Amino acid sequence: MRVLVCVSGASGAGLGVKLFEALKTHADEAFLCLSDGAKEVLKREELKFFDDSEIWQGPASGSFGVEVTFVVPCSMNTLAKIACGIGDNLTTRAASVALKERKKLIIAPREMPIHQIHLEQMAKLSGMGVFIAPPMLAYYAQSSTLEDVERFLIGRWMDLAGIKNEMYKKWDNEDE
Ligand SMILES: Cc1cc2nc3c(=O)[nH]c(=O)nc-3n(C[C@H](O)[C@H](O)[C@H](O)COP(=O)(O)O)c2cc1C
């Protein structure tokens, strides 16, 4: 399976990179695309990635064959552009490609609080089959460290993509 992780400039850009790292061992091919905002957050890390401005890269075309596109985290700016069909950078273009090709698109909006326009855009995308999967805390996951929380979130995003993983302990009533 060929997957693409787009990281936009919301808080928690490092989480998107960790999702990408986990996918590298679980998917056939994993690609990473960073927006300028994301790079601001990550500028101290050395990573091999698509620049968001590289609109000519493979994921900008449906024929490249990305099966699953993640936008993790998704800023409200990028959410708005995706919901309006804007494709002005590799992230928004790749999301638009996922929509037109009817492939899986998994978006993790990160803002707090959120206003009505954000909610309307999420509802619009959800109605088109997009997974709206924000980085929510799960108290039942018995996470005691930030790393546990991140592993849980990454595991849930991989679940949505249909990628088997052992990132977190699955819910089991027997544990009660
Ligand atoms: C440190 C930092 C944290 C930010 N966190 C968020 C956030 O959590 N959610 C959000 O929607 N925007 C956040 N922003 C604002 C976005 O980075 C800004 O709207 C930017 O234009 C997004 O561009 P992009 O969508 O192309 O990445 C943050 C900005 C900075 C500098």
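Just so it is clear, the structure is predicted and the values come from calculations on it, not from any experiment. Ligands are counted one by one from 1 in listed order, and the atoms in each one are counted from 1 as well.
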| message | Can you tell me if I117 has over 12 outside heavy atoms packed within less than 6.0 Å of its CD1? | response | no

| query | Just distances here: any N/O of K81 and N/O of ligand 1 closer than 3.5 Å? | reply | no

| Counterpart residues, salt bridge (Lys or Arg N to Asp or Glu O under 4.0 Å), relative to D148 (two or more places apart) | none

| request: Pick, from V71, D36, N77, the option with the minimum heavy-atom distance to atom 19 (O) of ligand 1. | output: N77

| query | With backbone taken as N, CA, C and O and side chain as the heavy atoms from C-beta onward, which portion of S75 lies under 4.0 Å from ligand 1: side chain, backbone, both, or neither? | reply | both

| said: Closer than 4.0 Å to some heavy atom of M76 - which atoms of ligand 1 meet that? | reply: 10 (C), 11 (O)

| atom 25 (O) of ligand 1: which of T78, L79, I114, T92 has the nearest heavy atom? | T78

| task | Might you work through the salt bridge (charged side-chain N to carboxylate O under 4.0 Å, His left out) test for R2 and E29, ending with a clear yes or no? | result | CA-CA 5 Å; R2 188 172 256 194; E29 252 185 315; 2.9 Å; yes

| request: Give the single entry among S35, G9, A10, G37 that approaches atom 15 (C) of ligand 1 most closely by any heavy atom. | output: G9

| said: Ring centres under 6.0 Å, that's the criterion: do F64 and F31 meet it? | reply: yes

| message | Show every ring pair (Phe, Tyr, Trp, His ring centres under 6.0 Å) that has at least one partner inside residues 92-126, sequence neighbours left out. | response | H115-H118

